[in-house]
Every structure is written in C-alpha cells, then in structure tokens.
Amino acid sequence: MLMPKLVRVRFAPSPTGYLHIGGARTALFNFLFARHHEGQFLLRIEDTDVSRSKEEAVQQIFNSLRWLGLEWDEEPVYQSDRIHRYQKICQDMLAKGKAYYCFCTQEQLDKKREIARKEKRDYQYDRTCLQLLDAVIHEKLSKGVPRTVRFLVPEGQTTFQDMIHGKITVQHSQIDDFILLRSDGQPVYHLAVVVDDHDMKITHVIRGDDHLSNTPKQILLYQAMGWPLPSFVHVPLILGPDQKRFSKRHGAISVEIYKDKGYLPDALINFIALLGWAPKKNEEILSIADLIVRFSIKGIHKKSAVFDEQKLLWMNGVYMRSKHPEDLYDAVVDVLRSHALIDAFKDRQNILKYIHLMKDRVKTLQEFASKGDYFFKDPVAYDEKGIKTYWNAKNVKDLFSQLKTRIANIHPWNEQSIEKCIRELAEKQNMQAGEIMHPTRLALTGVSASPGLFELIVFLGKETAILRLEKAMKYLDLKSGLQDEVGQLK
RNA sequence: GGCGCGUUCGUCUAGUGGCCUAGGACGCCGGCCUCUCACGCCGGUAGCACGGGUUCGACUCCCGUACGCGCUACCA
C-alpha cells in the first residue's frame with residue numbers, strides 16, 4: 001500500500017490574454033484534485049515571452065479565477081522573477097555536456113527549414129554548433145556573439161505513464177535539439193516548466209493534452225538534471241461546435257464574457273466540470289463542494305468535448321431557480337443599473353420581490369433586464385400578435401374602463417382582492433376570467449407572457465395599473481379611429 | 001509530411017465480455033398541468049465510424065482503414 005502522497009498541483013497560464021474556458025477547466029481540474037486530496041493548488045504565471053505578456057492580463061486572470069471561486073494557495077510564482085535560476089540550470093547542463101551553445105541566427109535556421117520544406121524532408125536542427133571547437137566557442141562567447149543554448153537530445157526512446165492516456169512512447173529521433181535559453185537570456189517554455197515544477201514541488205502536472213507530445217522533451221530535462229518525475233495528467237481539450245479547438249474564432253471564449261452574458265459562476269463551474277469528466281453516478285447538478293468530494297482523475301475522459309452553450313443555458317436556469325432572491329440581489333442590481341432601469345427600484349424589498357417573481361422564468365441574469373422591463377417602465381408598444389388575439393373583441397375598451405373603476409376601489413391592495421375583483425367582473429360580464437386577464441396583461445406589460453397577473457398588479461401598484469389601462473384605452477381609440485378612416489376610404 | 005492522441009444519439013455522457021431490445025442529460029417533437037410564459041410531469045426522436053480477427057458470446061479485447069484533433073518555433 002502506498003502512503004498517501006502530499007498533493008501539490010499548479011495552474012500555469014501565460015498572461016497573453018483573458019482566462020478562457022479551456023484554461024478555466026484546466027484550473028478547475030487542478031483545483032478539484034488539490035481540494036479532494038487536501039493538497040495545495042498553486043498558480044504560476046508563465047511570462048517568459050516578454051513581447052506577448054501583459055500585466056493587465058494577469059489581473060484579468062486572477063479576477064476570473066476568483067469570480068469562479070477557484071482560490072489558490074501561496075503567492076503566485078512569476079517566471080520573469082526566476083530568470084537567473086533558469087540560467088543557472090543551463091550552465092549546469094552546459095557543464096555536464098547535456099546542452100550546447102548554438103550561434104546560428106534566426107535567418108540561418110529559417111533558411112535551412114525552408115530548404116528542408118522544399119525538398120520535402122523533415123526539418124531538424126543539424127547540430128552545426130555541436131561540432132564547434134572549444135576555442136571557437138570561447139572566442140564567440142567573449143565577443144558576445146548572440147547565442148542560444150540547445151539541449152542535446154540523447155539517443156533512444158522515452159516511455160512514460162500518463163494517468164489518463166496510459167503508456168506513451170516517443171522515439172528520440174523525433175525530437176529536435178530544442179532551445180533552452182533564447183539569445184536574450186530568457187528561458188523557453190520546456191526549461192522553465194520543468195525547473196519550476198521541480199522547485200515548486202509539484203506532484204501532479206495536470207494540463208491540456210496539447211502538451212502530451214511535448215512531455216518527452218520535458219522528461220529528458222528532468223533526467224538530465226537527475227530530478228524525480230511528477231505524475232502526468234493530460235486532460236482532453238475543449239472543442240467549439242465545429243469540433244475544432246475552442247478558440248476566439250468561436251466567438252465567446254473568455255470567462256469574462258460568460259460573466260457578462262449573465263451566467264452564474266457555480267453554473268459555469270458545474271458545466272465545465274462535466275466537459276470531459278463525469279462522476280460515477282448519473283449526477284448532473286453538482287455544487288463545487290459536491291465536485292470536490294466526487295472528483296477523481298479516473299473519471300476524466302480521453303476524448304475532447306464540444307462546448308454546448310445550450311446546455312450551459314439550461315443549467316444556468318436550474319441554478320437561477322434554486323437561488324434565494326437575496327443571493328441574486330447584487331448581480332441583478334448590476335444588470336438593472338447597466339440597463340438604466342435601476343431608478344425605479346430604489347427599494348431593496350421591491351427588487352427582491354421582482355427577483356422572486358422573475359427568477360423562475362429567466363435563464364440568465366441579463367434576462368432580468370430584457371424580459372421584465374415592464375415592471376418599471378410603461379410599455380411603449382404592444383405585441384402585435386397579442387393585439388390580434390386579445391384586443392380584437394369590441395368590448396375590450398369598455399372592459400378596461402370597468403376594470404379601472406373596480407381597481408380604483410380595491411382595498412386592501414393584495415393578490416386576493418385583485419383576483420376577486422377580476423373574477424367578479426368576469427362573472428358579471430358572463431365571461432371566463434382568462435378572457436379578461438389576457439387583454440389586461442397585454443395592457444399592463446405590452447407583451448403576452450409575464451409572471452402571474454395578480455402578483456404583477458400588486459407589484460405595479462394601483463396608480464400605475466390604472467395609468468396603463470388608460471394608456472391602452474387611448475391606443476384602442478386611436479386604432480379604431482384609424483380603422484374607421486380606412487373603412488371610409490373604401 | 002512525420003510523430004502522438006482520440007472515435008457510444010446533433011451535443012454532454014453511462015457502459016471495463018453475457019445484466020444492452022445500448023441507460024441518463026441538453027436540444028428537438030408531442031401531451032398533461034395552467035390566467036400567459038417559465039417550471040414541473042408523462043411520452044417520443046436519435047448513437048456503439050468502418051473492416052477483419054480473438055471468443056460459445058463483443059460497445060466492451062487485438063489488428064488494420066477512415067476520419068478528427070494535437071505536436072512538430074529563439075509561443076506557451
């Protein structure tokens with residue numbers, strides 16, 4: 001029996017842009033694995049490519065992770081702070097003959113690659129600089145000729161065990177003498193990852209399987225340094241609807257965009273957790289706590305999954321309905337404010353009531369603004385189809401007139417008395433209650449779908465309800481006037 | 001091109017040789033509930049990429065083919 005191993009994992013984004021869905025899921029898997037094993041979840045910023053790294057991106061990534069609830073342990077490690085460490089490791093490898101200086105220029109290399117391409121040969125660095133005499137190397141070094149450091153790939157093959165894919169073997173003949181240190185002294189990815197994962201005492205490297213092919217290179221580095229290997233876990237990528245790697249081409253890809261679209265963080269977490277991973281039982285709705293309990297690398301698939309926003313939308317609706325209005329309050333206020341609808345809702349209780357009425361029929365936060373604007377704004381138009389079906393009867397205006405009077409006299413102002421009022425009117429008119437309610441809803445909201453009419457009227461208040469009925473009556477007058485004119489013209 | 005990885009309904013998935021007449025979820029379609037919408041409930045639609053083995057028996061094991069994705073940079 002193995003002793004339980006201390007688990008330390010890391011999420012290592014490069015700060016070239018926002019945190020995207022794929023990155024978020026990789027971070028989530030790392031997070032879940034760490035929390036499940038009561039280990040550490042660390043962050044490392046891979047900013048060795050100075051030209052592509054941006055400080056704002058780092059903050060964006062932090063914000064997105066926090067919004068998702070993926071809190072990390074310890075201070076994030078910045079690779080840009082560790083240049084000297086990488087250079088030192090390179091010196092060691094140079095001294096041990098595991099690496100060599102290369103003075104070839106970018107242009108020379110490009111040319112060789114081009115020739116190989118034309119001759120339909122596979123290109124691999126030809127080791128020109130490996131043949132250099134020590135004296136020549138020293139001379140170039142002392143003159144400060146720009147140079148890189150290349151890893152000397154040994155003969156043979158590398159086999160390693162991936163926790164998802166199993167045994168993987170790659171022939172060294174397939175591996176180029178890759179560059180360790182760029183001519184500007186910056187390390188290249190493979191070197192930095194290996195050194196950092198070792199120094200950070202990472203036990204499990206959990207990352208996208210786009211890194212699978214490169215893993216042997218890194219294993220060679222571990223071996224060259226005489227370091228123990230971490231476990232490798234290569235999770236499948238997330239694909240767009242066209243089955244291609246999920247990217248900007250697919251439109252919405254950053255976590256931030258999903259936040260702006262009105263998705264809830266726990267819904268997004270739940271959804272991406274299920275992309276490429278499944279719990280043992282057929283469970284679909286899982287809180288982050290549930291996910292932590294259930295998470296296991298065994299449940300991760302080999303196959304990449306397509307991101308299906310429709311299912312996300314459904315899941316978000318499930319979360320929306322399960323929330324208490326208080327939990328949604330801040331987010332909804334933000335949305336209402338951004339749509340300039342907030343003034344009508346100075347009262348917190350009012351907004352909570354609104355959330356209560358709407359949350360069951362809304363799938364995103366955004367819809368609190370787009371689907372319920374009539375709660376705080378008089379309708380500016382009436383749904384055409386609604387007009388045809390509900391306002392065609394001749395007595396509609398008269399109905400509204402009677403309703404108006406009755407509403408004015410309702411006391412106390414509550415659901416029960418409003419319902420009673422409408423049902424009594426229906427009885428008196430010898431009509432079905434619905435025959436009054438539908439036209440009324442249209443008058444009050446401008447649309448034909450809304451929360452329960454009685455609750456809605458309570459919410460609007462006596463004054464607004466009467467005002468809107470009057471407005472509808474005016475519209476009806478105008479409409480019939482127009483029809484008369486048309487009739488006369490004929 | 002070379003190398004690596006992958007392949008169950010449109011999508012997310014269950015399934016580790018007989019329990020599979022392949023189960024669930026989203027979507028879609030129909031119905032019920034109902035003041036509308038949404039929710040909920042009931043029902044339906046649709047899949048083991050293909051071809052060879054192995055086996056008494058393959059979705060499950062092996063081999064090939066096809067297709068897809070990834071890697072192949074002084075990117076990560």
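Naming convention: chains lettered A, B, ... in sequence-line order (proteins, then strands); numbering from 1 in each chain.
Residue order along RNA chain B, read from the 5' end via each residue's closest nucleotide, puts A:Gly452 first among A:Gly452 and A:Asp184. The 5' end of RNA chain B is approached more closely, in terms of each residue's nearest nucleotide, by A:Ser450 than by the other of A:Ser450 and A:Tyr189.
Remark: A:Thr48 is in phosphate contact with B:rA76, judged by side-chain N or O atoms under 4.0 Å from OP1 or OP2. The side chain of A:Lys303 contributes no N or O atom lying less than 4.0 Å from OP1 or OP2 of B:rG6.
Aromatic ring pairs are classed by plane angle as parallel below 30°, tilted from 30° to 60° and perpendicular above 60°; the pair A:Phe307 and A:Phe246 is parallel.
Within residues 355-368 of chain A, the residues that place at least one heavy atom under 4.0 Å from RNA chain B are, in residue-number order, A:Asp360, A:Arg361, A:Lys363.
If you measure from atom CH2 of A:Trp314 to atom C1' of B:rC28, you get 16 Å, rounded to the nearest angstrom. Atom pair A:Leu180:CG and B:rA76:P shows a separation of 12 Å (rounding to whole Å applied). The nearest whole Å value for the distance from the CD atom in A:Gln310 to the P atom in B:rA25 is 17 Å.
Between B:rC35, B:rG10, B:rC39, one nucleotide has an atom nearer to the side chain of A:Asp308 than all others, and that is B:rG10. Of the candidate nucleotides B:rU36, B:rA25, B:rU13, B:rA25 has the atom lying nearest to any side-chain atom of A:Glu284.
Remark: A:Tyr390 pairs with A:His438 by the ring pair (Phe, Tyr, Trp, His ring centres under 6.0 Å) rule, at least two apart or across chains. For A:Phe454, there are no ring pair (Phe, Tyr, Trp, His ring centres under 6.0 Å) partners two or more places apart in sequence or in a different chain. Taking A:Arg245 as the reference, A:Asp210 meet the side-chain hydrogen bond (donor to acceptor under 3.5 Å, both in side chains) condition, with sequence neighbours excluded. For A:Phe178, the ring pair (Phe, Tyr, Trp, His ring centres under 6.0 Å) partners at least two apart in sequence or on another chain are A:Phe151, A:His190. Applying the ring pair (Phe, Tyr, Trp, His ring centres under 6.0 Å) criterion to A:Phe160, with sequence neighbours excluded, gives A:Phe232. When the salt bridge (Lys or Arg N to Asp or Glu O under 4.0 Å) test is applied to A:Asp177, the partners found at least two apart in sequence or on another chain are A:Arg127.
Sorted by first and then second residue, the pairs that involve residues 262-276 of chain A and meet salt bridge (Lys or Arg N to Asp or Glu O under 4.0 Å), not counting sequence neighbours, are A:Asp266-A:Lys323. A salt bridge (Lys or Arg N to Asp or Glu O under 4.0 Å) check over residues 312-322 of chain A, counting only residues at least two apart or in different chains, returns nothing.
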N/O to N/O distances under 3.5 Å, protein versus nucleotides 67-73 of chain B:
| unit_1 | atom_1 | unit_2 | atom_2 | d |
| --- | --- | --- | --- | --- |
| B:rC69 | OP1 | A:Lys244 | NZ | 2.6 |
| B:rG70 | O3' | A:Arg245 | NH1 | 3.3 |
| B:rG70 | O2' | A:Asp210 | O | 3.4 |
| B:rG70 | N2 | A:Ser213 | OG | 3.3 |
| B:rC71 | OP1 | A:Arg245 | NH1 | 3.2 |
| B:rC71 | O3' | A:Asn214 | ND2 | 3.4 |
| B:rC71 | O2' | A:Asn214 | OD1 | 3.3 |

Pull out every protein N or O sitting under 3.5 Å from an N or O of nucleotides 42-45 of chain B, one pair per line with the distance.
none

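Within the 4.0 angstrom heavy-atom criterion, only backbone atoms of the sugar-phosphate kind lie near A:Ala278; the bases stay farther away.
Annotation: cation-pi pair A:Arg113/A:Tyr123 present, NZ/CZ under 6.0 Å from the ring centroid and within 45° of its normal.
When Watson-Crick and G-U wobble pairs are counted only if both distances are under 3.5 Å, B:rG70 pairs with B:rC3. Base pairing of B:rA22 is not made with any nucleotide, judged by Watson-Crick or G-U wobble geometry with both donor-acceptor distances under 3.5 Å.
Rounded to the nearest Å, the gap between the C1' atom of B:rG10 and that of B:rC28 is 10 Å. Only the C1' atoms considered, B:rG15 is 13 Å distant from B:rA58, to the nearest whole Å.
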- Note on the structure: Protein heavy-atom contacts under 4.0 Å, written 5' to 3' over nucleotides 59-66 of chain B as B (base), S (sugar-phosphate only) or - (none), form the string --------

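Residue A:Glu114 forms a salt bridge (Lys or Arg N to Asp or Glu O under 4.0 Å) with just one option from A:Lys111, A:Arg117, A:Lys112, and that option is A:Arg117.
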